[in-house]
Amino acid sequence: MTLAFVIPGMCPNDMIAIPFGEKLSLIPVASPDYLRQAGAPDTPQSLINFRCINRCFPSGEKYRWEFISPDGEPGEVAVKGDLVVDSDTAMIQAAESGLGIAFVYQSLVSAQLNAGSLIRLLPSYRYPADHFCVYYPSRKHIPAPLRAFYHLGDGAE
């Protein structure tokens with residue numbers, strides 16, 4: 001049985017994707033030291049003038065930062081920055097070290113935000129929230145272990 005976890009939109013077309021868990025949202029954060037040195041962006045578009053920490057997918061593609069304006073308009077920005085990582089932990093550590101602005105899952109940095117080692121940027125903007133997905137090959141019958149995993153959190157039998 002093949003099973004993988006992925007963010008929505010990254011599931012191969014020939015696979016079945018099932019959302020699970022709570023919806024998660026990415027937010028821009030930076031350390032107080034970085035902000036003292038570089039200042040803070042005032043719009044998502046102004047992020048191109050700042051050193052940002054890029055996220056790279058296994059395909060080599062860099063993630064375009066997505067946002068929703070105070071007026072409800074969706075948008076995205078291809079940020080600039082020499083540091084490219086493929087893990088949330090590395091991105092958070094780099095941001096805390098003052099290496100730039102990171103775009104990370106809010107739930108992963110709540111302790112740093114509360115402690116003041118990271119500061120949330122652009123708070124008047126919202127960021128799309130979505131579930132992670134489990135995906136598996138399209139088949140008529142779902143294997144019992146996968147069916148059990150899928151129903152683990154929903155109370156179904």
Side-chain angles (χ1 to χ4, degrees), residues 1-137 149 152-153:
M1 167 177 59
T2 302
L3 176 71
F5 299 91
V6 69
I7 58 174
M10 298 300 290
C11 180
N13 290 336
D14 61 340
M15 298 284 190
I16 303 295
I18 301 171
F20 76 95
E22 67 182 77
K23 286 188 173 187
L24 301 173
S25 179
L26 295 159
I27 60 169
V29 297
S31 72
D33 288 341
Y34 176 81
L35 295 172
R36 275 191 290 277
Q37 171 196 1
D42 55 356
T43 66
Q45 292 81 3
S46 68
L47 286 164
I48 63 169
N49 301 314
F50 291 84
R51 190 173 61 229
C52 294
I53 304 162
N54 279 289
R55 178 182 305 271
C56 186
F57 294 113
S59 67
E61 180 183 357
K62 291 180 183 172
Y63 180 72
R64 295 175 62 89
W65 295 13
E66 301 170 275
F67 62 91
I68 300 168
S69 75
D71 298 332
E73 292 295 318
E76 56 183 43
V77 177
V79 298
K80 297 179 183 177
D82 295 331
L83 182 57
V84 180
V85 299
D86 65 355
S87 96
D88 292 304
T89 302
M91 187 172 276
I92 293 165
Q93 289 173 345
E96 282 187 294
S97 298
L99 298 179
I101 299 172
F103 201 51
V104 295
Y105 290 104
Q106 184 171 355
S107 60
L108 295 180
V109 293
S110 59
Q112 292 89 337
L113 293 170
N114 289 335
S117 63
L118 289 175
I119 296 172
R120 181 180 178 162
L121 305 175
L122 304 170
S124 63
Y125 289 82
R126 292 182 298 121
Y127 301 90
D130 214 333
H131 301 276
F132 272 89
C133 293
V134 174
Y135 74 86
Y136 60 93
F149 175 81
L152 188 64

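Note that the structure is a prediction, hence the values are computed from the model and not measured. Counting begins at 1 with the first residue of the sequence.
- Side-chain contact check for Lys62 versus Val84: some heavy-atom pair is nearer than 4.5 Å.
- Taking all atoms of both residues into account, the shortest heavy-atom contact from Pro41 to Ser46 is CB-OG, 3.3 Å.
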I'd like a table of donor-acceptor pairs (distance under 3.5 Å, sequence neighbours excluded) in which one partner is a side-chain atom from residues 49-57, with atom names and distances.
residue: Arg51; atom: NE; partner: Leu99; partner atom: O; Å: 2.7
residue: Arg51; atom: NH2; partner: Gly98; partner atom: O; Å: 3.2
residue: Asn54; atom: ND2; partner: Gly81; partner atom: O; Å: 3.2
residue: Arg55; atom: NH1; partner: Asp88; partner atom: OD1; Å: 2.8
residue: Arg55; atom: NH2; partner: Asp88; partner atom: OD1; Å: 2.9
residue: Arg55; atom: NH2; partner: Phe103; partner atom: O; Å: 3.0

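- Val29 pairs with exactly one of Leu121, Leu113, Ile101, Ile92 by the side-chain contact (heavy atoms from CB on, under 4.5 Å) rule, that one being Leu113.
- The two residues Ser87 and Ala90 make their nearest non-hydrogen contact at OG-N, 3.0 Å.
- Qualifying side-chain contact (heavy atoms from CB on, under 4.5 Å) partners for Pro70, counting only residues two or more places apart in sequence or in other chains: Ser124, Tyr125.
- Taking 4.5 Å as the limit, some side-chain heavy atom of Gln45 sits within range of a side-chain heavy atom of Phe67.
- Among all heavy-atom pairs drawn from Pro32 and Ser117, the shortest one is CD-O, 3.4 Å.
- Val104 has its side chain out of reach of Leu118: every pair of non-hydrogen atoms, C-beta onward, lies at least 4.5 Å apart.
- Across all non-hydrogen atoms, the minimal contact from Ala95 to Ser31 is O-CB, 3.3 Å.
- For Glu76, the salt bridge (Lys or Arg N to Asp or Glu O under 4.0 Å) partners two or more places apart in sequence, or in a different chain, are Arg64.
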